[in-house]
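First the structure, in the form of structure tokens, and then the observations on it.
The sequence lines fix the lettering, A, B, ..., with proteins before strands; numbering per chain opens at 1.
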Amino acid sequence: MPAAANPAVAKPVPALPDPGALLAWYDRHQRRLPWRAPSGLRQDPYRVFLSEIMLQQTTVVTVAPYYDAFLRRWPDVEALADAPLEEVLSAWAGLGYYARARNLHACAKAVCERHGGQFPADEEALLALPGIGPYTAAAIAAIAFERRAAPVDGNWERVVARLFAVADPLPKARAKLRVLALTLLPRARYGDFAQAMMDLGATICTPRKPACALCPWQSPCAARALGAPERYPVKAAKAARPTRQGVAFLAVRADGAVLVRSRPPKGLLGGMSEVPSTPWETGGSVHPAIHAPFSASWTALNATVTHVFSHFALELQLWRADVPADARAPAGHRWVLPGGFDAEAFPSVMRKVLAHAQPFFTGPE
DNA sequence: GACCCGTGGTA
DNA sequence: TTACCAAGGGT
């Protein structure tokens with residue numbers, strides 16, 4: 001007869017994570033952020049919406065000045081809905097993921113036209129709005145409307161993966177992590193709990209070197225019990241990032257104006273302003289002169305602009321032509337004086353290009 | 001599910 | 001310098 005386990009020496013079963021322990025920690029350690037309401041008060045849904053869109057894949061430090069500028073310029077959803085898209089894109093320039101700006105504007109219009117200017121409180125209704133996915137719908141429902149919802153973001157995934165030592169690699173493990181996350185929800189204070197999970201992930205349960213000694217959930221954490229919390233969540237290998245090449249045509253008028261055009265409304269840098277260029281190709285086999293906006297004495301500058309996008313790196317050679325003050329802009333192009341650069345929707349890569357239109361523009365620094 | 005879609009900071 | 005990372009969404 002095999003020896004039965006002795007209950008007297010059996011390892012203690014780890015306690016399930018207690019939502020109350022995290023909320024108590026949050027009450028003492030929550031971060032003060034521009035988009036958060038004073039403790040105990042609900043935040044304006046528009047402000048939650050604006051901050052959540054900006055914070056998608058973007059850090060708190062980067063978002064803060066943009067959030068303040070947007071709120072000052074468009075203090076409510078009606079003001080944003082009434083703004084021209086070009087102004088929204090210009091104000092968004094530098095933040096990246098420009099489809100967010102287009103959808104932000106489209107969403108503001110939809111809220112005004114379909115919901116009378118009031119954000120819906122239901123996750124399902126929020127999910128139907130442009131630019132609002134599962135995470136953002138849950139975040140607005142929980143934070144702005146105190147609905148029972150789990151806005152599972154990267155912080156939640158990391159915390160949950162460690163609490164339960166989930167070995168399945170992301171992104172396949174996403175469904176399992178969500179199910180586990182739902183088991184953590186408290187009976188109330190859904191907005192605080194959502195933000196507590198984010199604060200925990202941002203300040204304690206960090207990707208590298210988590211501060212487990214300070215964690216309110218150190219006791220029930222399976223990854224910590226295994227001795228290697230930083231190993232979670234497991235992630236699938238990423239594809240290598242290719243490099244594309246191109247030539248940008250810096251046409252500078254005698255008065256300092258630069259020739260500019262707008263990109264197609266969708267896709268990479270959709271709707272943003274740019275200096276005309278060849279297509280950006282991986283082989284770099286295009287003939288630059290064919291793509292010049294007009295014939296002129298183009299001079300290859302001894303300069304290369306490099307920029308890294310989410311899924312490829314770019315190397316842009318610069319060709320410059322200095323033209324008379326009465327030079328005409330080709331169809332689809334326009335001249336923009338340096339004083340008008342800030343009103344244009346130049347993404348970061350184009351600010352790097354424009355830095356070579358000296359001495360009239362000093363560039364991103 | 002896979003791929004597209006930006007940017008700046010950090011180790 | 002490379003690689004990873006940050007409150008994801010659309011197709």
Side-chain angles (χ1 to χ4, degrees), chain A residues 31 33-36 43 47-67 89 92-104 106-107 126-140 142-144 149-159 169-175 178 181 191 193-203 205-209 230 233 235-244 263-264 266-272 274 280 306-314 345-352 364-365:
Chain A
R31 294 175 293 173
L33 300 173
W35 40 87
R36 282 191 178 165
Q43 182 57 286
R47 299 188 184 205
V48 177
F49 158 71
L50 179 61
S51 66
E52 290 300 341
I53 300 298
M54 287 185 167
L55 286 162
Q56 288 167 7
Q57 299 291 288
T58 310
T59 60
V60 164
V61 171
T62 300
V63 164
Y66 284 87
Y67 174 81
L89 289 177
W92 195 276
L95 247 194
Y97 284 141
Y98 299 99
R100 292 185 297 171
R102 288 179 257 127
N103 286 329
L104 179 86
C107 186
L126 288 163
L127 197 52
L129 294 166
I132 295 184
Y135 162 78
T136 305
I140 296 174
I143 297 170
V152 180
D153 68 338
N155 290 302
W156 281 61
E157 287 180 348
R158 187 168 57 256
V159 169
L170 285 172
K172 209 182 68 177
R174 204 146 272 154
R178 173 165 186 83
F193 187 79
Q195 296 174 92
M197 289 287 281
M198 297 170 197
D199 279 13
L200 187 71
T203 65
C205 197
T206 53
R208 295 172 289 241
K209 296 188 177 182
E230 68 281 353
K235 299 198 174 182
K238 295 180 181 176
R241 193 183 343 245
T243 299
R244 299 182 190 175
R263 293 180 60 87
K266 292 184 179 181
L268 182 71
L269 307 177
M272 303 295 285
E274 70 171 0
W280 305 341
T306 63
H307 192 77
V308 179
F309 292 94
S310 53
H311 56 295
F312 69 92
L314 177 65
F346 288 126
S348 289
V349 62
M350 288 304 150
R351 297 204 164 257
K352 292 181 184 178
E365 279 301 323

Interface limits on DNA chain C, where chain A has a heavy atom under 4.0 Å of a nucleotide atom: C:dC5 to C:dG10
B/S/- contact track for nucleotides 2-7 of chain B, protein heavy atom under 4.0 Å: --SBBB
Reported CD1-to-OG1 distance for the pair A:I53 and A:T136, which is rounded to 0.5 angstrom: 4.5 Å
Residue list, side-chain hydrogen bond (donor to acceptor under 3.5 Å, both in side chains) with A:Q195, at least two apart or on another chain: A:R36
Option from A:R263, A:R351, A:K352 for which salt bridge (charged side-chain N to carboxylate O under 4.0 Å, His left out) with A:E274 holds: A:R263
Interatomic distance at P, B:dA2 relative to C:dA7, whole Å: 23 Å
Touch class at under 4.0 angstrom, heavy-atom based, for A:L33 against every strand present: base
C:dA6 versus B:dC5 - spacing of their P atoms, nearest Å: 22 Å
Pairing residues for A:R174 by the salt bridge (charged side-chain N to carboxylate O under 4.0 Å, His left out) criterion, not counting sequence neighbours: A:E157
Heavy-atom check, side chain of A:L269 versus side chain of A:M350, under 4.5 Å: no
Earlier contact from the 5' end, DNA chain C, for A:N103 and A:G201: A:G201
Nearest-nucleotide comparison on DNA chain C, the residue closer to the 5′ end among A:P207 and A:T136: A:P207
A:Y66: partners by ring-ring contact (aromatic ring centres under 6.0 Å, His included), with sequence neighbours left out: none
C:dG9 to B:dG8 separation - P atoms, rounded to the nearest Å: 22 Å
Partners meeting side-chain hydrogen bond (donor to acceptor under 3.5 Å, both in side chains) with A:R31 (sequence neighbours left out): A:D199
Sugar-phosphate only, base, or nothing, as touched by A:W35 at under 4.0 Å among non-hydrogen atoms: base
Gap between atom CZ of A:R178 and atom CH2 of A:W156 - 0.5 Å precision: 8.5 Å
